[in-house]
Amino acid sequence: MSADAIPCTRGGGMSTDAVLTLEGLSVHYGARRRRRRVLHDVNLSIAPGETVGVIGETGSGKSTLARTVLGLVRASGGSIVVDGEEVAGYGPRQWRALRRRGVVQYVFQDPLRSLDPDLTVADSLAEPLLVQGVPRAEAATRVRAFLDRVRLTEDLLDRLPGELSGGQRQRVAVARALVTEPRLVILDEPVSALDSANRVQVLQILKELRDDGVALVFISHDLGSVAGVADRIAVLYRGELVETGAARDVIAAPQHPYTRLLVRSAPTLHSAPADRAERDALRALLHA
Amino acid sequence: MSTVSTLAESTVAQAVLSVRDLRISDQANGREIVHGVSFDLAPGRTVGIVGESGSGKTLTCRAALGILPVHFEVTGGAIELDGRDITGLAPAEWTAQRGSTISAVFQDPASYLNPSLRVGAQVAEVIRVKKRAGRRAARRQTIELLRAVHLRDPELVYGQYAYELSGGMLQRVLIAAAIAAGPRVLIADEATTALDVTVQAEILDLLADLRDRTGLALVLVSHDLAVVAQLCDEVLVLRQGEVVEQGPTREVLHHPRHEYTRLLIAEHEQYGLDRFLAPEEDV
């Protein structure tokens, strides 16, 4: 199924060119006989200010997708264009230079592992700016401006990550991704480890980011948490994008059997509980 | 899905599990943690308990299983299993009840299996002890059970180790162990929480299937109201040890009275799939 970019200029980005374009992207792990295909022919384009949800189950390749776009995993084929720059063949030094510019940022599931445990919140948040050569005083001012956006108070600035709640930590991780004013933020399961109240808060923050024109790639196994935020949804199944479309269409009229099973499996409150027989039929179809 | 209209009459008549104003206290500091939980559960029915961590939902289940953590004690109310108050049972009597009348599955199935024993042997052990079956009969019954929980190729799974199976398969193995001795009540405490959404639906479908086929009564515990809404006739919403809302599932979903329930529902309506899917007719 195709994964064409929907022309989208909402959010007032500087250009209408995609902030991220993947073409024919494949990734393999292991060598020779152990070589295993993890991603196959992935085509996806993210317009400025657009939020795309990437949905997939455990082992579908969704985290590999994020890590490939960040240069943490090497693509074995295809093209990755970040902000107009072909980066698929980049070496470590070029990746570092690209990351330092802060155009693309990322947030992972577990903030305890992505935040330096020995840095205070203030230092963690200022670091990406200091790396760019922003003077310390100016960095501190900009950090304060972003605290408010993620609903954190200034009294947390002197704390270490271990002294924060899970929800606060994840909001620090989001703030840290924002301080360089990126055009694209990749979020890998940003709310999966959070309880209900914190999840709602982080989702609300993501919605505001989207409205501010930051493009988001929101990776999750949970269609439910993505549904409220994403403009488009891309469904990754066994390393391939099997369906891409407007969030409303993918959920209300899923085409691929896996997407149909996904929608019929998601617990909902008010819709009639999907027929068990229907799910059984879809499972049989997928495992055939 | 069964209707809720006859719930009141049927449960009063033939409840297999009756919890009456259950109170649980932490004896270390004398504080009451669960402040009066009551519900009736009839065979073939499902009651759901919703609440965040620390709300007392797991303590309530553990009291019904006689496995409260140290210091915690039932300080008021009664739990009747098959018409018999079980709150004052001696340890040996509990051992006789558990598995045979009331059983449970929990989150993180891998931690309930011995990693160095084949999973089949661990299910068979339950049958050998509880049903006094011989080695060969226990093996045969285990394979039947593994088939009943929809594991493909049960003979193969019998000989596998926990690390060789996925989370969903492990939870099926544990459900097989939990129902091996033919209990009348099964408690599923966050049993699908760590699983992928499609696997979660598989496990919930399996529980519903067991309930409908065997008349097993289910207590479904989850932090997610929508999970509970899938197959429960009645819902209890717990917060800080207090039942803040209780009633037939439809009633609670469509006419929530407590602010906290409304918050749980609003979260789904705002961020879940409900916005995109056609609502039920009988709203």
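A, B, ... follow the sequence lines: proteins, then strands. Residue 1 opens every chain.
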Side chains of B:R211 and B:T46, donor plus acceptor under 3.5 Å: yes
Side-chain heavy atoms of A:T58 within contact of A:H221, under 4.5 Å: no
Most chain B-contacting option - heavy-atom pairs closer than 4.5 Å, from A:R199, A:H287, A:R283, A:E57: A:R283
Under 4.5 Å from any heavy atom of chain B - which part of A:V226: neither
Derivation and outcome, side-chain contact (heavy atoms from CB on, under 4.5 Å), residues A:I251 and A:R248: CA-CA 5 Å; A:I251 294 167; A:R248 178 172 298 276; over 6 Å; no
Proximal to chain A - members of residues 191-200 of chain B, heavy-atom separation under 4.5 Å: B:D196, B:V197, B:T198, B:Q200
Full working for salt bridge (charged side-chain N to carboxylate O under 4.0 Å, His left out) between A:E278 and A:R260: CA-CA 10 Å; A:E278 187 187 351; A:R260 273 154 59 202; 5.8 Å; no
Main-chain N/O of B:G241 paired to B:S55 side chain as donor or acceptor, under 3.5 Å: no
Side-chain donor or acceptor of B:Q230 paired with backbone N/O of B:A226 under 3.5 Å: yes
Aromatic plane relationship, B:Y161 with B:Y163 - under 30° parallel, 30 to 60° tilted, over 60° perpendicular: parallel
Selection from B:H223, B:H268, B:E202 maximising heavy-atom pairs under 4.5 Å formed with chain A: B:E202
